[in-house]
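Here is the structure we will look at.
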Amino acid sequence: MAKERLFLYDTTLRDGQQTQGVQFSVPEKIAIAQALDEIGVDYIEGGWPGANPTDSDFFDARPKTRATFTAFGMTKRAGRSAANDDVLAAVMNAATPAVCLVGKTHDYHVTAALGISLEENLENIRASVAHLVAEGREALFDAEHFFDGYKANPAYALACCLTAYQAGARWVILCDTNGGTLPAEVGTITAAVIAAGVPGDHLGIHCHDDTGTAVANSLAAIDAGARQVQGTLNGLGERCGNANLTTLIPTLLLKEPYKSRYETGVSEAKLTGVTRLSRRLDDILNRVPLRSAAYVGASAFAHKAGLHASAILKDPSTYEHVAPETVGNTRLIPMSNQAGQSNLRARLAAMGIAVDPKDPRLAQILDEIKAREDRGYAYDGAQASFELVARRVLGLCPQFFEIKRYRVIVERRKNRYDQMVSVSEAVVVVKIGGDKMLSVSESMDAEGHDRGPVNALSKALVKDLGPYTGCIEDMKLVDFRVRITQGGTEAVTRVIIDSEDGHGQRWSTVGVSPNIVDASFEALLDAIIWKLIRDGAQPA
């Protein structure tokens with residue numbers, strides 16, 4: 001049987017921008033749009049032209065895409081024609097091939113929020129959609145508050161959808177605007193819309209995640225016959241977010257019955273880029289990726305329990321619902337004081353290190369890990385540092401350089417504007433071969449803000465590592481976590497640092513010391529040494 005086509009509609013650039021603390025610049029919007037087009041979504045909703053300067057500028061500068069670029073707006077206002085509505089005109093002037101208009105479908109919202117009659121609202125929907133079609137645009141209608149409206153007045157909610165469809169809308173999108181509808185209701189109501197006369201291949205679904213069921217609701221609508229699904233990367237969106245496309249897309253491509261029944265614009269080859277796409281968005285937003293995120297999270301394929309790791313060694317499918325490489329992720333066998341031989345052998349194999357199962361150094365590694373965790377280290381969240389511990393026990397950790405000394409100064413002073421500011425300066429002396437190198441760096445960023453002593457140390461350390469400098473030029477710190485592991489006079493600080501390189505590879509390292517700067521420096525050193533080993537650097 002030929003597969004049915006499902007259409008993917010991304011609204012990260014509009015709905016995603018409604019996330020608290022998220023504000024895209026025009027260059028960021030361009031980068032995200034290009035990444036979405038590359039992976040294969042069918043529609044990219046760019047925002048609301050005329051609603052704010054950024055969105056207007058973006059539509060002027062938007063990239064050429066294979067995906068259908070879509071402008072968002074609202075149906076015309078009562079008392080004027082569609083051709084003479086200035087708000088609608090701003091959306092039309094964006095000159096996108098498709099336009100999505102939101103309109104009320106809940107009778108209470110029509111009379112209370114808009115203050116017009118139910119009949120006037122139907123006419124606004126009809127005239128607006130007809131205007132788009134007459135102007136040669138692909139028309140989409142977002143049926144706002146549809147599910148709540150259907151439950152309050154099913155006849156009127158259906159009339160709104162039918163009006164849009166009959167006026168020429170290519171897609172009528174059922175919106176769970178408040179995010180309170182559950183999957184069974186979504187399926188039943190979606191089926192009712194199709195039975196009322198809007199074909200499934202003209203019907204879309206748009207869910208919010210206020211009950212944590214946006215992805216499940218979207219699948220329920222597809223099961224009922226909807227053939228367009230809307231969502232955002234990483235589930236961005238107002239309040240609790242929207243349906244997460246980085247979860248939906250792998251599910252549609254890898255899970256039955258969707259895998260056999262439907263096809264999307266995302267190929268299996270492109271699916272391997274979904275993890276990197278997810279992390280790229282977090283990088284643009286300067287957000288820490290959610291480790292527990294389905295499919296793309298750093299912990300999505302992590303197996304800590306010894307029993308699990310033992311089975312994974314024999315057959316990964318025993319504890320993995322899909323292979324991590326299908327979504328561009330990697331399997332992780334964390335090490336901790338709960339670790340056993342199975343975890344250790346699996347982790348060493350993943351590192352590319354072959355060790356005889358009877359090698360006594362395996363027990364030495366476990367003893368060292370457990371002893372260090374007793375002092376405050378944590379290796380289940382710092383796999384790169386674990387690898388270095390194992391390599392040192394096995395005699396497989398090269399000596400690239402030696403830290404002779406370092407110094408950090410934090411100064412509090414007034415600047416030329418008579419404002420109190422902090423300035424951090426770090427000095428690091430490194431010995432490489434027979435040569436000593438001294439590097440000095442401040443912690444000021446490009447905008448002149450102090451980023452603290454750890455940032456100064458990091459910049460000084462990587463400033464000049466002689467023959468290794470080129471290997472670490474694309475390395476950056478993406479997260480920094482601090483925890484006090486004991487109380488009172490015996491307090492110990494644990495620092496975990498997440499690093500990333502230009503290929504999107506991420507790794508975590510840990511440092512422990514009563515001194516937070518010293519703990520940070522230890523984690524920084526591990527991050528650099530791990531990177532040098534992974535990139536095949538040779539000791540000077």
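We count residues from 1, following the sequence as given.
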For [X], enumerate each residue passing the ring pair (Phe, Tyr, Trp, His ring centres under 6.0 Å) test, keeping only those at least two apart in sequence or located in another chain.
X	result
Phe401	none
Phe69	Phe58
Tyr468	Phe400

Indicate yes or no: does Arg5 engage Asp201 in a salt bridge with an N to O separation below 4.0 Å.
->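 No salt bridge links Arg5 with Asp201.
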
Asp282 with Arg506: basic N within carboxylate O range, under 4.0 Å |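 Between Arg506 and Asp282 there is no salt bridge, as every charged N stays at least 4.0 Å from the carboxylate O atoms.
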
Side-chain touch [X]/[Y], heavy atoms, less than 4.5 angstrom:
X	Y	answer
Arg279	Val478	no
His321	Tyr295	yes
Ser520	Leu457	no
Leu8	Val229	yes
Asp55	Gln17	yes
Asp148	Thr177	no
Thr181	Thr211	no
Glu442	Lys459	no

Is there a donor in the side chain of [X] and an acceptor in the side chain of [Y], or the other way round, less than 3.5 Å apart?
X	Y	result
Trp171	Tyr43	yes
Thr232	Asp15	no
Ser439	Asp464	no

Quick check: closest heavy atoms across [X] and [Y], and the distance to 0.1 Å?
X	Y	value
Pro324	Arg331	CD-NH2, 3.7 Å
Ala78	Asn124	N-ND2, 3.7 Å
Pro49	Phe72	CD-O, 3.5 Å
Ser499	Ala527	OG-CB, 3.6 Å
Thr68	Glu138	CG2-OE1, 4.3 Å
Ala426	Ala460	O-CB, 3.9 Å

Backbone N/O of [Y] and side chain of [X]: donor-acceptor pair under 3.5 Å:
X	Y	value
Asn415	Tyr417	yes
Asn244	Gly235	yes
Thr213	Ala216	no
Ser128	Lys76	yes
Thr54	Ser25	no
Ser299	Ala302	no

Option passing side-chain contact (heavy atoms from CB on, under 4.5 Å) with Phe480 (candidates Asp498, Asn455, Val454) =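 Going through the options one by one, the only one that passes is Val454.
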
To the nearest 0.5 Å, what is the distance between [atom1] on [X] and [atom2] on [Y]?
X	Y	atom1	atom2	value
Gln20	Glu238	CD	CD	10.0 Å
Phe141	Arg126	CZ	CZ	13.0 Å
Arg412	Ser424	CZ	OG	11.0 Å
Asn121	Thr75	CG	OG1	6.5 Å
Ile529	Thr509	CD1	OG1	10.0 Å
Asn217	Ile205	CG	CD1	7.0 Å

Taking the inter-plane angle between the rings of His206 and His208 on a 0 to 90° scale, is it parallel (under 30°), tilted (30 to 60°) or perpendicular (over 60°)?
->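 Tilted.
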
So does Lys3 have more than 12 non-hydrogen atoms from other groups sitting under 6.0 Å from NZ?
->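 Above 12, so yes.
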
Is the count of non-hydrogen atoms from other residues, nucleotides or ligands lying under 6.0 Å from Arg407 atom CZ greater than 12?
->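 Result for CZ/Arg407: open.
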
Sequence neighbours excluded, every pair satisfying side chain to side chain donor-acceptor pair (under 3.5 Å) that has a member inside residues 92-104 |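 Applying side chain to side chain donor-acceptor pair (under 3.5 Å) to every pair that reaches into residues 92-104, excluding sequence neighbours, yields Lys104-Glu144.
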
Phe24 and Leu285: CA distance, side-chain angles, deciding distance, side chain to side chain contact (heavy atoms under 4.5 Å, CB included) verdict = CA-CA 8 Å; Phe24 297 122; Leu285 296 174; 3.4 Å; yes

Sequence neighbours left out, what passes side-chain contact (heavy atoms from CB on, under 4.5 Å) with [X]? Give chain and number order.
X	answer
Asp501	Asp474, His503, Gln505, Trp507, Lys531
Leu277	Ala35, Ile39, Leu233
Arg77	Met74, Arg80, Asp85, Asp86, Val87
Asp37	Ile44, Thr65, Arg66, Ala67

Who are the salt bridge (Lys or Arg N to Asp or Glu O under 4.0 Å) partners of [X], not counting sequence neighbours?
X	result
Arg276	none
Lys414	Asp418
Glu268	none
Glu4	Arg227

Kindly indicate, with the supporting measurements, whether the criterion side chain to side chain contact (heavy atoms under 4.5 Å, CB included) is fulfilled by Leu461 and Tyr406.
-> CA-CA 9 Å; Leu461 184 58; Tyr406 78 84; over 6 Å; no

Applying side chain to side chain contact (heavy atoms under 4.5 Å, CB included), run through Asp10 and Ile32 and close with a yes or a no.
-> CA-CA 11 Å; Asp10 181 274; Ile32 294 168; 5.6 Å; no

Determine, step by step, whether Lys476 and Asp283 satisfy the salt bridge (Lys or Arg N to Asp or Glu O under 4.0 Å) criterion, reporting the C-alpha distance in whole Å, the side-chain angles of both residues, the deciding distance to 0.1 Å, and the verdict.
-> CA-CA 11 Å; Lys476 62 180 178 179; Asp283 190 45; 2.9 Å; yes

Report the C-alpha distance between Val22 and Arg287 in whole Å, list the side-chain angles of each, state the deciding distance to 0.1 Å, and finish with yes or no for side chain to side chain contact (heavy atoms under 4.5 Å, CB included).
-> CA-CA 10 Å; Val22 170; Arg287 290 158 58 110; 3.9 Å; yes

